[in-house]
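Numbers restart at 1 for each chain; the letters A, B, ... are given by sequence-line order, proteins then strands.
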There are 2 protein chains.
Amino acid sequence: MMNVNEPERDTAGRYTGNAFLLAQIGAHAAAGFASRIAGLDLTPAQAGLLRLVAWQPGQSQQVLARQIRTPPSRLVLLVDHLEERGLIERRRNPDDRRHHALYLTAAGGQFLKSRLGPIGAAHEDDICAALTPAEREQLRGLLSRIAAQQGLIPGVHPGYQQLKAP
Amino acid sequence: MMNVNEPERDTAGRYTGNAFLLAQIGAHAAAGFASRIAGLDLTPAQAGLLRLVAWQPGQSQQVLARQIRTPPSRLVLLVDHLEERGLIERRRNPDDRRHHALYLTAAGGQFLKSRLGPIGAAHEDDICAALTPAEREQLRGLLSRIAAQQGLIPGVHPGYQQLKAP
DNA sequence: TATTGTTATACTCTATAACTATA
DNA sequence: TATAGTTATAGAGTATAACAATA
């Protein structure tokens, strides 16, 4: 068995451990997705927020900002863009008028279903082109367990915020 | 079987396809690695370049810049930092004095082996904590095939450059 | 004139901090 | 006084373009 103190390397000495492959393929997948949705005038962060609002309608901006680990000031700009396009809307909470609850509009729901959905499916199919359906399921199982063990929130992609060294 | 035109979602409607999981876990792994090597005063890009020079000694900056898809002007700063620390060195090519060939120094080789290596191994072990040794091998097989099919260069992590829409 | 490496400039993105309004 | 959201400012990081040396 391989020495656990040495990272895996191929015959040319290049590092090919799972962590490296995940980072490499993950960046590739993220870049590919960004490229696909650029035609929709959306950044990955905006698309992620749109999905988040769809899953959790009525949340305040503060709550959402904490979930994706981004400063509230950045969230404002993301929300601005989506609201200007009519995909989501801010509604003032009558009980506490400081809060802006976010909701998906009808157009936003339609956009999510007819535009973003197919793009996500095509992207998924492209990334997994090398694998059989059974292998894709197998991969999902392994990745899901890693994500759960690492404490990642399902469906929530934190913007690449830099982590302070402890 | 699942409709291939619909992305995979969990019971709460959250997107959990392989492409999303790869991007999510990949960003998490990259951030974790960045955090680990921050104590060594290295960025991921600098660490990647250091490894690249170790694998391919004597290459010109132009060639290396093309490989990691970064502008030559950015490479200059990365090389500057590594050279100031004595980990790599520029040598003028006597045949064509325009070229600066890059080589690992003895200190650089030592650093790679005794500092970066153990950190990479510990990181690998952390990311794969949820999996058995057999499952880690299984994952490596699946990921390697995806990387090959997607045309990713083994061991080369392109800095997160933005891809222009086609 | 073309190419390598470098430097200079400008731009984008993000975070920090000040500000307004509500409570 | 404290909190939600917003706006303003500043900083880091990166790319584009100008530049100097060499061919």
For [X] against [Y], the heavy-atom pair lying closest together:
X        : Y        : answer
B/Ile127 : A/Ile146 : O-CG2, 3.6 Å
B/Glu135 : A/Leu142 : CB-CD2, 4.0 Å
A/Arg140 : B/Asn18  : CG-OD1, 3.0 Å

Find the distance [X]:[atom1] to [N]:[atom2] and express it as a whole number of Å.
X        : N      : atom1 : atom2 : result
A/Gln61  : C/dA21 : CD    : P     : 17 Å
A/His81  : C/dT14 : NE2   : P     : 14 Å
A/Leu102 : D/dA4  : CG    : P     : 14 Å
A/Glu83  : D/dG5  : CD    : P     : 13 Å
B/Arg91  : C/dG5  : CZ    : P     : 15 Å
A/Leu75  : C/dT16 : CG    : P     : 15 Å
A/Arg90  : C/dT22 : CZ    : P     : 15 Å
A/Arg74  : D/dG11 : CZ    : C1'   : 16 Å

Self-check item: A/Arg145, CZ: over 12 other non-hydrogen atoms inside 6.0 angstrom
Solution: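 It does: A/Arg145 CZ has more than 12 such atoms within range.
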
Practice problem: With sequence neighbours left out, write down each residue that passes side-chain hydrogen bond (donor to acceptor under 3.5 Å, both in side chains) with A/His123, or none if nothing qualifies. | Solution: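 If we apply the side-chain hydrogen bond (donor to acceptor under 3.5 Å, both in side chains) test to A/His123, skipping adjacent residues, there are no hits.
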
Quiz item: Base, sugar-phosphate, or nothing: which does B/Ser73 touch, judged by heavy atoms less than 4.0 Å apart?
Solution: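 Result for B/Ser73 = base.
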
Can you pull every protein N or O that's under 3.5 Å from an N or O on nucleotides 21-23 of chain D?
from   : atom 1 : to      : atom 2 : distance (Å)
D/dA23 : OP1    : B/Arg97 : N      : 2.8

Provide a list of protein-nucleic acid N or O atom pairs under 3.5 angstrom, restricted to nucleotides 9-11 of chain C.
none

Practice problem: May I ask whether B/Val76 and B/Val53 are part of the same hydrophobic cluster, defined by side-chain heavy atoms of I, L, V, M, F, W, Y residues being less than 4.5 angstrom apart, directly or through others? | Solution: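 No; tracing contacts between hydrophobic side chains, which count when under 4.5 Å, never links both residues.
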
Exercise. Consider only side-chain heavy atoms of I, L, V, M, F, W and Y, link residues closer than 4.5 Å, and tell whether B/Leu40 and B/Leu112 are in one cluster.
Key: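 In one cluster with B/Leu40: B/Leu112, yes.
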
Quiz item: Counting only N and O atoms by type, is there a donor-acceptor contact under 3.5 Å from the side chain of B/Ser60 to the main-chain atoms of B/Ala101?
Solution: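 Checking the backbone N and O of B/Ala101 against the side chain of B/Ser60, no donor-acceptor pair under 3.5 Å is found.
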
Quiz prompt | Backbone of A/Val156 reached by a side-chain donor or acceptor of B/Gln24 within 3.5 Å | solution =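 Yes: the side chain of B/Gln24 pairs with the backbone of A/Val156.
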
Quiz item: Quick one: is B/Arg69 getting a side-chain N or O under 4.0 Å of the D/dA15 phosphate, OP1 or OP2?
Solution: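 For D/dA15, OP1/OP2 do not have a side-chain N/O of B/Arg69 under 4.0 Å.
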
Quiz item: Looking at A/His99, does any N or O in its side chain come under 4.0 Å of the phosphate oxygens OP1/OP2 on C/dA21?
Solution: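 Answer no for this pair, as no side-chain N or O of A/His99 is under 4.0 Å from OP1 or OP2.
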
Quiz item: Starting at the 5' end of DNA chain C, which residue's closest nucleotide do you reach first, B/Ala101 or A/Pro71?
Solution: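 Nearer the 5' end of the strand: B/Ala101.
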
